[in-house]
Asker: 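Take this structure, written in structure tokens, and hold onto it; I'll ask about it next.
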2 protein chains.
Amino acid sequence: MQPVFKIKTMENHKSLCPINLALEVFGDKWSLIIIRDMMFEKKRHFRELLQSDEKIASNILTDRLAMLEREGIITKESDPEHKQKIIYSLTLKGIDILPVIIAMGSWSLKYQPVDPEKGKHAQQLAEGGFELQEAIKMGLAEKHLK
Amino acid sequence: MQPVFKIKTMENHKSLCPINLALEVFGDKWSLIIIRDMMFEKKRHFRELLQSDEKIASNILTDRLAMLEREGIITKESDPEHKQKIIYSLTLKGIDILPVIIAMGSWSLKYQPVDPEKGKHAQQLAEGGFELQEAIKMGLAEKHLK
DNA sequence: ATAACTAATTGTAAAATGCAACCAGTTTTT
DNA sequence: AAAAACTGGTTGCATTTTACAATTAGTTAT
């Protein structure tokens with residue numbers, strides 16, 4: 001029996017509904033935390049991402065980084081200056097998750113007991129509107145895309 | 001030993017960051033599917049919600065509905081005309097999750113293999129802008145809020 | 001050479017999810 | 001009035017995911 005080609009377009013999605021397809025990529029407790037830290041805390045290394053307030057476990061972080069890379073949300077490359085260091089970057093597909101994060105932040109500001117200090121970015125982004133959002137995307141693109 | 005009051009403001013949140021606080025409510029594979037069906041498929045009963053393409057299990061649906069009620073996203077009431085029927089409604093807090101769902105839909109339309117039929121709502125909402133979004137919220141408020 | 005740091009991996013326990021069958025009431029059908 | 005079908009669930013069990021702590025091989029700094 002020969003190994004069989006996996007048909008890419010027939011991946012087992014629960015459905016092809018847009019909401020479900022997004023949830024299958026970042027609909028869990030950790031993926032958006034990682035993306036948030038890369039976007040707003042400028043974290044690019046494993047150890048930095050491990051340090052969040054939410055205390056992600058290292059095996060879960062490893063798993064999510066691999067998944068996000070498979071899904072084309074991030075890329076990884078080893079820093080040639082420091083062979084042991086791996087630098088993680090957002091792709092355009094990853095940067096474009098920003099509006100989702102902003103919408104979630106706005107909702108929490110309205111309904112959840114947000115720590116004002118932690119909510120600074122969300123506050124600014126809720127007020128800054130479309131222009132600020134685009135400016136942030138530009139900044140991220142400059143730092144993360146080659 | 002007397003039962004002790006649970007201090008509401010000290011609930012064990014992983015953090016008080018807005019992104020995390022939103023994820024703690026609907027950052028799982030099912031909650032937004034349920035909310036989507038209530039918003040766009042006009043589902044209001046247990047059996048209807050059980051029928052989604054994604055095939056949620058009945059015990060998980062029971063669990064999520066109870067959680068969403070605890071979190072103030074939905075309410076439940078028994079239809080006095082049909083004693084066995086329970087009708088689920090969105091609260092304003094629940095209706096205000098719409099922008100998150102729209103942002104996720106737009107992202108999927110751009111990057112994921114969305115079935116055009118399933119993506120109709122997302123397509124319209126991406127094009128319709130703020131006005132359409134507000135109109136939909138008004139419609140939901142009329143049907144779900146008393 | 002030693003110590004400290006890197007991105008992980010491993011082992012084990014706990015929690016969440018999936019699946020199928022079942023259930024007690026409530027209507028509907030016959 | 002009985003039987004059938006429908007309601008929102010519950011139960012038991014297998015699988016999967018997550019949490020937590022300790023450990024690791026390779027790399028860099030002292």
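Every chain is numbered from 1 and lettered A, B, ... according to where its sequence line falls, protein lines coming before strand lines.
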Asker: Taking the nucleotide of DNA chain D with the closest heavy atom to each, which residue, B:L65 or B:N59, is nearer the 5' end?
Answerer: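 Per heavy-atom nearest nucleotide, the more 5' residue is B:L65.
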Asker: For residues 137-146 of chain A, run the donor-acceptor check on the side chains, cut-off 3.5 Å, and write out each pair with its distance to 0.1 Å, sequence neighbours left out.
Answerer:
| unit_1 | atom_1 | unit_2 | atom_2 | d |
| --- | --- | --- | --- | --- |
| A:K137 | NZ | A:D96 | OD1 | 3.0 |
| A:H144 | ND1 | A:L90 | N | 2.9 |

Asker: Could you list the residues that satisfy side-chain contact (heavy atoms from CB on, under 4.5 Å) with A:A57, not counting sequence neighbours?
Answerer: A:N59, A:I60
Asker: Throw together a table of side-chain donor-acceptor distances under 3.5 angstrom for residues 26-40 of chain A, partners on residues two or more places apart or in other chains.
Answerer:
| unit_1 | atom_1 | unit_2 | atom_2 | d |
| --- | --- | --- | --- | --- |
| A:D28 | OD1 | A:S31 | OG | 2.6 |
| A:D28 | OD2 | A:W30 | N | 2.7 |
| A:D28 | OD2 | A:S31 | N | 3.1 |
| A:D28 | OD2 | A:R64 | NH1 | 3.0 |
| A:K29 | NZ | B:L23 | O | 2.9 |
| A:K29 | NZ | B:G27 | O | 3.4 |
| A:R36 | NH1 | A:E54 | OE2 | 2.9 |
| A:R36 | NH2 | A:E54 | OE1 | 2.8 |

Asker: Please determine, for the side chain of B:K76, which listed nucleotide (D:dC20, D:dG9, D:dT18) has the closest atom?
Answerer: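 Side chain of B:K76 sits closest to D:dG9.
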Asker: For A:E24, which residues count as a side chain to side chain donor-acceptor pair (under 3.5 Å) partner, sequence neighbours excluded?
Answerer: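 A:H13, A:N20.
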Asker: Which nucleotide span of DNA chain C, 5' end to 3' end, has atoms closer than 4.0 Å to non-hydrogen atoms of chain A?
Answerer: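 Listing 5' to 3', DNA chain C meets chain A from C:dT6 to C:dG11.
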Asker: Looking at residues at least two apart in the chain, or sitting in another chain, which of them share a salt bridge (Lys or Arg N to Asp or Glu O under 4.0 Å) with B:K93?
Answerer: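 Salt bridge (Lys or Arg N to Asp or Glu O under 4.0 Å) check on B:K93 returns nothing, list empty.
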Asker: What integer distance in Å separates B:N12:CG from D:dA19:C1'?
Answerer: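 So the CG-C1' distance, B:N12 to D:dA19, works out to 15 Å.
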Asker: Can you give me the N/O atom pairs linking the protein to nucleotides 27-30 of chain D at distances under 3.5 Å, or say none if there are none?
Answerer:
| unit_1 | atom_1 | unit_2 | atom_2 | d |
| --- | --- | --- | --- | --- |
| D:dT27 | O3' | A:Q84 | OE1 | 3.4 |
| D:dT28 | OP1 | A:K83 | N | 2.4 |

Asker: Measure the distance from CG on A:D63 to P on D:dA19 and round it to the nearest whole Å.
Answerer: 11 Å
Asker: Between the side-chain atoms of B:T62 and the base atoms of D:dT10, is any donor-acceptor pair under 3.5 Å?
Answerer: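 When only heavy-atom distances are counted, B:T62 does not reach the base of D:dT10 through any donor-acceptor pair under 3.5 Å.
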Asker: For A:Y111, enumerate each residue passing the ring pair (Phe, Tyr, Trp, His ring centres under 6.0 Å) test, keeping only those at least two apart in sequence or located in another chain.
Answerer: A:W107
Asker: Find the distance B:I56:CD1 to D:dG9:P and express it as a whole number of Å.
Answerer: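 Going from CD1 in B:I56 over to P in D:dG9 covers 13 Å.
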Asker: Can you sort out the partners of A:E131 under salt bridge (Lys or Arg N to Asp or Glu O under 4.0 Å), two or more places apart, ordered by chain and number?
Answerer: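 Counting only residues at least two positions away or on another chain, A:E131 forms no salt bridge (Lys or Arg N to Asp or Glu O under 4.0 Å).
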Asker: Any pair with a residue in residues 79-89 of chain A that passes side chain to side chain donor-acceptor pair (under 3.5 Å), sequence neighbours left out, goes on the list, sorted by first then second residue, please.
Answerer: A:R44-A:S89
Asker: Is there a donor-acceptor pair under 3.5 Å between the side chain of B:E71 and the backbone N or O of B:L68?
Answerer: no
Asker: Which parts of residues 28-55 of chain B get close to DNA chain D, meaning a heavy atom less than 4.0 angstrom away?
Answerer: B:H45, B:F46, B:R47
Asker: Tell me, please, which residues at least two apart from A:D63 pass salt bridge (Lys or Arg N to Asp or Glu O under 4.0 Å).
Answerer: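 Applying salt bridge (Lys or Arg N to Asp or Glu O under 4.0 Å) to A:D63 gives none.
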Asker: What is the distance, rounded to the nearest whole Å, between atom CD1 of A:I60 and atom C1' of D:dT17?
Answerer: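 Rounding to the nearest Å, CD1 of A:I60 and C1' of D:dT17 are 7 Å apart.
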Asker: Does one hydrophobic cluster hold both B:V100 and B:I74, with members joined at side-chain heavy-atom distances below 4.5 Å?
Answerer: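 As far as the 4.5 Å side-chain criterion goes, B:I74 and B:V100 are connected within one cluster.
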Asker: Please report, rounded to the nearest Å, how far the P atom of D:dA19 is from the CG atom of A:L61.
Answerer: 12 Å
